[in-house]
Amino acid sequence: MRILMLSDVYFPRVNGVSTSIQTYRDDLLKLGHHCTLIAPAYPSSAGAGPAPDDADILRISSRQVPRDPEDRLMRRAEIRALLPQLRTRRFDVLHIQTPFLAHYAGLELARELKLPVVESYHTYFEHYLHHYMPFLPAGLMKALARRFTLSQCGAVNAVISPSAQMADALRQYGVATRIEVLPTGLPPSRFKSGVGARFRAARGIGANRPMLLFVGRVAFEKNIDFLIRLVPALRAQIAEVLLVVAGEGPAQAHCAQLVRQLGVEDHVQFVGYMERDTELLDCYKAADAFVFASRTETQGLVLLEAMAQGTPVVSTAVMGTIDVLREAQGAVVVPESEAAFVAAISALLAGPERRVDLSAHAKADAERWSSLAMARRLLKLYESVTASKPVTQSSSISQLPVVSRSQDRAA
């Protein structure tokens with residue numbers, strides 16, 4: 001099968017969408033299928049991706065998105081100019097990965113190439129837009145998000161939701177398009193054991209210092225400030241406790257200011273983005289517990305990545321994280337309550353036997369999420385929609401909200 005994908009983001013932009021695309025492309029290739037990706041070109045200063053581009057990644061010239069230094073807006077005319085060469089490749093299906101320019105350009109390509117369209121719904125917009133347009137009423141932003149979602153989902157042949165909870169939300173909106181629940185699985189590389197001592201030594205963290213970890217985009221919707229507010233109470237019980245925040249994003253200054261206000265500069269460390277196949281694995285392995293309280297996660301890949309390294313998880317179960325944590329025995333699920341989090345974390349850090357037991361279960365939990373199994377399910381969806389009518393609806397970028405195009409990181 002020959003698949004054409006479009007995305008507004010890809011490596012070197014590090015987030016959950018980039019990770020999902022790379023994972024699926026790698027596994028589709030292993031299964032003998034061909035996948036071409038159209039994605040933005042990034043400035044050289046953005047850094048390198050996890051590997052050099054292959055011949056089937058077509059980079060499009062792009063410009064910076066207003067108020068968003070991390071993301072890029074592709075030039076639509078340049079995408080349109082690819083049509084002659086795309087026609088020669090005889091694609092079977094088009095898969096749109098993001099709802100911004102890629103959505104509208106993707107519909108245009110699908111119409112010209114006479115292809116059915118599948119679209120992944122990675123971002124829970126109802127709980128997203130107000131963080132980036134706080135000057136507008138929250139109710140108005142929710143209504144806009146729902147209208148935007150209904151319009152986009154109604155223009156494609158099938159929608160992929162990474163969790164059952166997200167699928168339920170889409171149906172409640174009134175989405176009548178076929179919805180398939182299909183999470184991104186973990187590739188074999190995520191199970192390679194990291195070296196925790198190496199991370200601690202590189203960051204000046206004592207070998208026995210109690211270390212909590214958050215990995216993800218440092219964005220308002222990730223609820224990182226809640227985790228930071230736990231630190232004073234945790235410090236009162238575990239004097240040397242350290243919270244490590246791995247990632248970058250628009251809430252970085254806000255979180256750093258909160259750390260200063262609380263006077264916990266010696267107990268919170270921001271380490272930025274890390275190379276996924278080495279340093280990030282070391283970081284997961286170094287932690288005594290992975291902590292998470294995002295309210296908008298559509299899946300929660302970072303929870304699985306932590307568990308694959310045998311790191312116990314203390315987390316809320318909201319939206320996509322419910323699926324990950326429902327049967328997990330390597331995790332402690334708590335409500336979004338400071339007292340509940342502090343009690344769970346303190347008990348975990350104070351009980352080495354409990355930590356060892358949760359660690360063993362965490363690895364087993366992660367193994368249930370094989371990426372190759374998920375890729376096979378994706379292929380079945382592709383095969384089923386090839387019998388659908390190709391997209392004929394015209395695309396209009398005028399429907400695109402003027403907001404930051406930032407996506408969740410693995411979220």
Side-chain angles (χ1 to χ4, degrees), residues 16-17 19-20 23-24 120-124 126-127 159-173 175 179-187 190-191 212-216 221-223 226-227 284 287 289-337 339-341 343-345 347-348 354-378 380-381 408-411:
V17 178
T19 301
S20 177
T23 300
Y24 274 121
S120 290
Y121 194 88
H122 291 284
T123 304
Y124 192 20
E126 183 172 333
H127 294 282
V159 174
I160 294 174
S161 168
S163 71
Q165 290 68 36
M166 189 70 255
D168 289 343
L170 293 175
R171 292 187 184 103
Q172 289 172 9
Y173 287 178
V175 172
I179 302 172
E180 290 290 323
V181 176
L182 183 58
T184 302
L186 284 183
R190 304 266 59 81
F191 291 92
L212 308 175
L213 174 66
F214 167 88
V215 174
E221 64 271 15
K222 296 293 186 178
N223 206 19
F226 171 80
L227 300 177
Y284 281 123
F290 185 85
V291 292
F292 202 70
S294 174
R295 300 165 179 162
T296 64
E297 220 62 22
T298 53
Q299 182 176 349
L301 280 174
V302 289
L303 301 179
L304 293 172
E305 291 180 349
M307 290 191 286
Q309 292 299 314
T311 302
V313 167
V314 178
S315 175
T316 54
V318 180
M319 291 301 298
T321 56
I322 295 175
D323 287 351
V324 171
L325 298 174
R326 179 180 287 115
E327 299 178 4
Q329 297 183 59
V332 180
V333 177
V334 290
E336 190 184 317
S337 153
F341 259 87
I345 293 169
L348 187 59
R354 170 68 166 155
R355 205 157 62 242
V356 169
D357 181 58
L358 285 172
S359 176
H361 284 301
K363 291 181 180 179
D365 292 334
E367 286 169 359
R368 294 187 290 109
W369 296 76
S370 159
S371 64
L372 206 58
M374 302 302 175
R376 290 191 178 99
R377 288 175 54 191
L378 179 61
K380 288 183 179 179
L381 173 61
D408 289 346
R409 183 176 178 222

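- In this structure, the side chains of T184 and T19 stay at 4.5 Å or more apart for every pair of heavy atoms.
- Contact of the F226 side chain with the T316 side chain is not registered, since no non-hydrogen atoms from C-beta on lie closer than 4.5 Å.
- Smallest separation of non-hydrogen atoms from F290 and L303: CE2-CD2, 3.6 Å.
- When side chains are defined from C-beta on, L304 counts as touching Q299, because their heavy atoms get closer than 4.5 Å.
- What you find for V334 and A340 is that their closest heavy atoms are CG1-O, 4.0 Å.
- Shortest non-hydrogen contact noted between L348 and A289 is CD2-CB, 3.5 Å.
- Without hydrogens or angle criteria, N223 side chain to A293 main chain gives a donor-acceptor distance under 3.5 Å.
- Side-chain contact between L378 and I160 is present, with heavy atoms from C-beta onward closer than 4.5 Å.
- In this structure, T296 OG1 and K222 NZ are separated by 6.0 Å, a value rounded to the nearest 0.5 Å.
- Listed by chain and residue number, L186, F191, M307, A308 satisfy the side-chain contact (heavy atoms from CB on, under 4.5 Å) test with A366 (two or more places apart in sequence, or in another chain).
- M319 places none of its side-chain heavy atoms less than 4.5 Å from the side chain of P162.
- Judged as a side-chain contact (heavy atoms from CB on, under 4.5 Å), and not counting sequence neighbours, the contacts of A167 are S161, R171, I179, V181.
- A donor-acceptor contact shorter than 3.5 Å links the side chain of T311 to the backbone of Y284.
- Residues meeting the side chain to side chain donor-acceptor pair (under 3.5 Å) test with R326, sequence neighbours left out: D323.
- The salt bridge (Lys or Arg N to Asp or Glu O under 4.0 Å) check on E336 picks up R295, with sequence neighbours excluded.
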**Asked** Would W369 and L301 count as a side-chain contact (heavy atoms from CB on, under 4.5 Å) if you check the C-alpha gap in whole Å, the side-chain angles of each, and the deciding distance to 0.1 Å?
**Response** CA-CA 10 Å; W369 296 76; L301 280 174; over 6 Å; no
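- When all heavy atoms of G185 and P187 are compared, the pair lying nearest together is O-CD, 3.7 Å.
- Using bins of under 30°, 30° to 60° and over 60° for the plane-to-plane angle, the ring pair F214/F292 lands in the parallel bin.
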**Candidate pair R354 and V332, rule side-chain contact (heavy atoms from CB on, under 4.5 Å), full reasoning** = CA-CA 11 Å; R354 170 68 166 155; V332 180; 3.9 Å; yes
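- Remark: S371 pairs with D27 by the side chain to side chain donor-acceptor pair (under 3.5 Å) rule, at least two apart or across chains.
- Residues passing the side chain to side chain donor-acceptor pair (under 3.5 Å) test with S294, sequence neighbours excluded: E297.
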